[in-house]
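Notes follow once the structure below has been shown.
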2 protein chains.
Amino acid sequence: MLKLSKLTDYAAVIMAQIARDPDQAHTASELAARVKLPHPTVGKTLKMLSKGGLLESRRGSHGGYVLSRSPSDITASDIIAAIEGPIGMTECSHADGDCELLDTCGVAGNWQRVSQAIRTLLDGVTLAHLAQSSPLKLPVQLPIQSVTLPSAGEALREH
Amino acid sequence: MLKLSKLTDYAAVIMAQIARDPDQAHTASELAARVKLPHPTVGKTLKMLSKGGLLESRRGSHGGYVLSRSPSDITASDIIAAIEGPIGMTECSHADGDCELLDTCGVAGNWQRVSQAIRTLLDGVTLAHLAQSSPLKLPVQLPIQSVTLPSAGEALREH
DNA sequence: TATAAAGAGGACTAAAATGGTCCTATATGG
DNA sequence: CCATATAGGACCATTTTAGTCCTCTTTATA
């Protein structure tokens with residue numbers, strides 16, 4: 001399925017929420033209510049995003065979380081990596097090289113390049129793109145010939 | 001991690017093996033030996049690929065598996081879909097619309113478009129690309145501006 | 001300075017997905 | 001008729017994931 005984990009999914013939704021009101025700190029409970037997800041889960045997600053450097057936290061009363069960079073400087077890659085670790089389609093995508101099948105495999109290098117292409121694509125999708133809540137009339141069928149990787153972000157703009 | 005399952009990984013390796021010698025039928029045991037994976041697992045994988053329409057099977061003695069289409073007509077998407085089901089980054093990527101958070105989410109549509117972009121990218125990678133066992137000197141850093149989705153396949157060619 | 005509100009960090013459990021094996025049935029060639 | 005294959009499931013073990021909870025620290029403010 002090549003699917004994101006649920007937590008990553010939550011993370012994106014939460015980050016988008018924060019991005020839509022970036023000038024004040026948001027607490028876990030506030031976000032939990034807004035996103036209709038249980039508090040502990042949201043809390044956990046926020047911690048991970050914070051540890052990943054995407055959010056700044058302030059403790060104590062009147063504490064909460066704020067984006068550590070502008071929404072257009074936070075990418076989908078960043079969010080995914082913060083929750084799931086480095087993006088790669090195969091175990092050997094990040095060159096740890098401990099796969100003993102490498103010789104019989106003959107496919108590793110190619111998957112690595114595909115992974116790289118996907119990373120590049122996701123680097124082009126920013127939180128700013130994700131946050132604009134386009135109700136999405138119809139899924140835009142991207143004409144193959146004209147789509148470039150950086151325009152993956154463009155494709156998210158409303159029109 | 002956005003990772004393929006192990007079985008999908010196996011599937012790719014196995015398909016590549018077959019693609020390199022497309023004119024004869026390959027049995028599960030032969031492929032298992034060649035790929036150094038246990039027979040039952042390879043068998044299972046082959047069954048899935050067959051049920052997914054990527055391989056034709058012949059039973060009985062002298063039976064085995066053959067590609068059902070030419071390697072350049074089988075895509076990475078096909079292989080992934082055969083093992084893992086439809087490609088999509090989120091549960092709601094294939095418009096079943098049973099997510100009750102849709103209203104608070106505001107991100108679904110955008111993930112769908114990203115999923116679509118990835119699908120398109122993977123559609124551009126064929127088994128023919130994957131099968132060429134390029135030992136891969138250095139990972140090719142694709143210059144963002146120049147990479148188009150269909151050229152993801154191109155990027156796999158050796159040079 | 002006491003208190004309440006918040007996050008940090010980690011332990012823990014339950015549930016689900018995954019990987020892997022095995023068994024029986026069916027088809028096919030010699 | 002027998003040996004060799006795949007078909008199709010059932011099944012179990014392991015791992016991953018999701019989700020909860022507890023204790024500690026920080027901070028504002030009454």
Tested for side chain to side chain contact (heavy atoms under 4.5 Å, CB included) against Leu67(A), the lone hit among Leu54(A), Ile74(A), Leu49(A) is Ile74(A)

Please work out if [X] contacts a base, only the sugar-phosphate, or nothing of the nucleic acid, heavy-atom cut-off 4.0 Å.
X: Lys6(B); value: sugar-phosphate
X: Leu7(A); value: sugar-phosphate
X: Gly64(B); value: sugar-phosphate

When Gly63(A) and Lys3(A) are each assigned the nearest nucleotide of DNA chain C, the 5'-most assignment goes to Gly63(A)

On DNA chain C, more 5' by nearest nucleotide between His39(A) and His62(B) is His39(A)

5'-most contact on DNA chain D (nearest-nucleotide basis), Lys44(B) vs Tyr10(A), goes to Lys44(B)

Nearest-nucleotide check on DNA chain D, Lys47(B) vs Ser29(B); residue mapping nearer the 5' end is Ser29(B)

Can you tell me which nucleotide in [options] comes closest to the side chain of [X]?
X: Ser50(B); options: dA7(D), dG20(C), dG9(C); result: dA7(D)
X: Pro38(A); options: dA8(C), dT21(C), dT20(D); result: dT20(D)
X: Ser61(B); options: dT6(D), dG29(C), dG9(C); result: dG29(C)
X: Thr41(A); options: dG19(D), dT21(C), dA8(C); result: dG19(D)

Check whether the side chain of Arg59(A) and the base of dT25(D) form a donor-acceptor pair under 3.5 Å. yes

*asked:* Any salt bridge linking Asp78(B) with Arg69(B)? Criterion: basic side-chain nitrogen under 4.0 Å from a carboxylate oxygen.
replied: yes

[N] OP1/OP2 closer than 4.0 Å to side-chain N/O of [X]:
X: Ser5(A); N: dA18(D); result: yes
X: Thr27(A); N: dA5(C); result: no
X: Ser57(B); N: dA7(D); result: yes

Would [X] and [Y] count as having a side-chain donor-acceptor pair, cut-off 3.5 Å?
X: Gln116(B); Y: Arg113(B); answer: no
X: Asp123(A); Y: Ser77(A); answer: yes
X: Thr8(B); Y: Glu84(B); answer: yes

Separation of [X] atom [atom1] from [N] atom [atom2], in whole Å?
X: His26(A); N: dG7(C); atom1: NE2; atom2: P; value: 12 Å
X: Tyr65(A); N: dA5(C); atom1: OH; atom2: P; value: 17 Å
X: Met48(B); N: dT21(C); atom1: CE; atom2: P; value: 13 Å
X: Leu2(B); N: dT17(D); atom1: CG; atom2: P; value: 12 Å
X: Glu84(B); N: dG19(C); atom1: CD; atom2: P; value: 8 Å
X: Ile18(A); N: dG7(C); atom1: CD1; atom2: C1'; value: 13 Å
X: Leu4(A); N: dT16(D); atom1: CG; atom2: P; value: 18 Å
X: Glu56(A); N: dA8(C); atom1: CD; atom2: P; value: 11 Å

Is it the case that the side chain of Ser68(A) and the backbone of Gly53(A) share a donor-acceptor pair, with hydrogens and angles ignored and the cut-off at 3.5 Å? yes

